Amino acid sequence: MKLQYKIGGIAAVAVLMASCSMHDPYGDMVNVGDALPTVSLELGTTVVNAGDSVSFKGKYYTDGEHEPDHSEIWVLVSQTESAAATLRLTPSYAYSLSIGGTDTIRASQTVASYPHSEAEWNGHEFELNVKFPTSRTLRQLTWGNISEWDQEKFDSYYPENFSQDFVNTVVTSLTQDSTYYDDLRYVYVNYNFTTDQINGVIANYQNLNQNGELSQLVLTETADKSDIWYTKTTKEVQVEGPGGRPQTEEVPNVIGKYYIELVNGVSVYREVPLDYVAPDGVRLYDVYESSPWLFCRYDDNVGGIVTTVRSNYMPVFKDLISLIPFTDWIYDSVEGQYSVSFSRKYQLGVTFKVFDTDGNIGYTTDAFTIDLN
């Protein structure tokens with residue numbers, strides 16, 4: 001049975017129990033004014049291993065005009081499922097997708113019947129100290145944090161679109177803007193994209209590669225990914241030191257300027273040459289050397305250097321990281337396992353019913369539940 005995003009449409013399944021009569025315990029009709037048996041129930045436990053029996057004490061009595069005939073235990077079976085996956089490929093962006101829900105998989109049915117002769121009179125009412133069975137097919141199931149991926153089990157436990165929805169959310173978060181700039185850079189630098197994958201993406205953006213800008217993304221034997229995705233906010237220059245001796249000094253590596261223009265209420269960054277003379281009232285800010293797809297600049301709002309991916313280049317990286325399969329996004333390389341978790345648990349709703357010889361039925365109305373392990 002596969003978990004759905006909205007639990008509520010799970011088909012009922014047949015469960016092997018001691019008895020299988022299928023009428024509704026609350027649909028039994030009695031005539032107005034009939035004297036019903038008075039009933040109470042005490043469960044011996046609220047947690048039991050599936051397949052074990054549950055002890056209980058049932059108490060009941062009738063008026064002087066009616067004779068008890070027999071009693072029954074009725075059980076409703078509900079199923080609770082939860083499934084989750086957690087992002088592990090990014091260093092700081094945290095994301096986990098969880099779904100779950102509870103549904104009734106079997107309507108209330110009788111699972112055990114006891115003749116009145118098994119009950120003992122305690123001076124006030126009849127007491128029945130017996131047991132009723134549970135099904136071992138209702139064992140709790142857990143699966144997750146596995147060292148070897150099992151696609152067949154994942155498909156049987158998780159909804160059809162779970163993995164794609166997970167990937168879509170992660171990719172969108174990393175590429176809708178530069179909020180998670182460090183994570184996006186980390187994924188490019190650390191994930192083992194193939195040359196064919198990178199070239200395949202570049203082929204769709206030739207307008208951005210007229211001077212080979214994107215071709216830099218394809219590694220050569222001597223290139224390093226961190227060198228390809230770079231910012232150089234300082235540079236070394238030779239200056240005259242004490243005694244006229246030359247020495248090296250770090251200075252800002254400014255290659256251009258920009259100013260901010262408000263267009264329809266939106267701030268637009270206008271890049272200009274280093275020697276641009278700004279009109280009166282226009283403030284210029286520094287632009288630093290970086291990879292072609294990066295806009296590395298001094299931002300007065302934060303009082304420091306800010307690096308973002310240029311908006312026209314962002315689709316390139318969105319297409320590229322969209323090639324990463326779901327299993328690689330959730331693989332925890334430190335623990336050596338895939339970060340998924342699935343659980344399925346069952347709970348029994350128990351009703352104790354007493355029938356008299358005239359067919360009148362009394363039953364418990366309080367909620368009695370048993371969790372199955």
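On a predicted model such as this, the values are computed, not experimentally measured, just so you know. Heavy-atom basis, side chains included; hydrogens, waters and symmetry copies ignored. Position 1 is the first residue of the sequence; numbering continues from there.
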### Message
Checking Ser178 against Thr308: is there a side-chain donor and acceptor pair closer than 3.5 Å?
### Response
no
### Task
Ignoring hydrogens and angles, state whether a donor on the side chain of Asp356 or Asn360 is under 3.5 Å from an acceptor on the partner side chain.
yes
### Query
Do we see a donor-acceptor contact under 3.5 Å between the side chains of Ser215 and Asn209?
yes
### Query
Is it the case that Thr231 and Thr233 place a side-chain donor and acceptor less than 3.5 Å from each other?
no
### Message
Students often mix this up, so state it plainly: with edges at 30° and 60°, are the rings of Tyr188 and Phe317 parallel, tilted or perpendicular?
### Response
perpendicular
### Query
Are Tyr269 and Leu274 co-members of a hydrophobic cluster defined by side-chain heavy atoms under 4.5 Å apart?
yes
### Query
Among Trp121, Tyr363, Phe126, whose ring pair (Phe, Tyr, Trp, His ring centres under 6.0 Å) with Tyr60 holds?
Phe126
### Task
Name the orientation class of the two ring planes belonging to Phe342 and Tyr158 (parallel below 30°, tilted from 30 to 60°, perpendicular beyond 60°).
tilted
#### Entry: Pairs satisfying ring pair (Phe, Tyr, Trp, His ring centres under 6.0 Å), at least one member in residues 93-113, at least two apart
Tyr93-Tyr180, Tyr95-Phe166
### Task
Decide if the gap between the ring center of Phe352 and the ring center of Phe368 is smaller than 6.0 angstrom.
no
### Query
Can you name the residues that form a side-chain contact (heavy atoms from CB on, under 4.5 Å) with Ser113, not counting sequence neighbours?
His70, Glu72
### Query
Under 6.0 Å from the six-membered ring centre of Tyr259 and within 45° of its axis: does the NZ or CZ of Arg283 meet both?
no
### Query
Parallel under 30°, tilted from 30 to 60°, perpendicular over 60°: which one fits the rings of Trp149 and Phe326?
perpendicular
### Task
Give a yes-or-no answer on whether the side chains of Glu271 and Tyr258 include a donor-acceptor pair shorter than 3.5 Å.
no
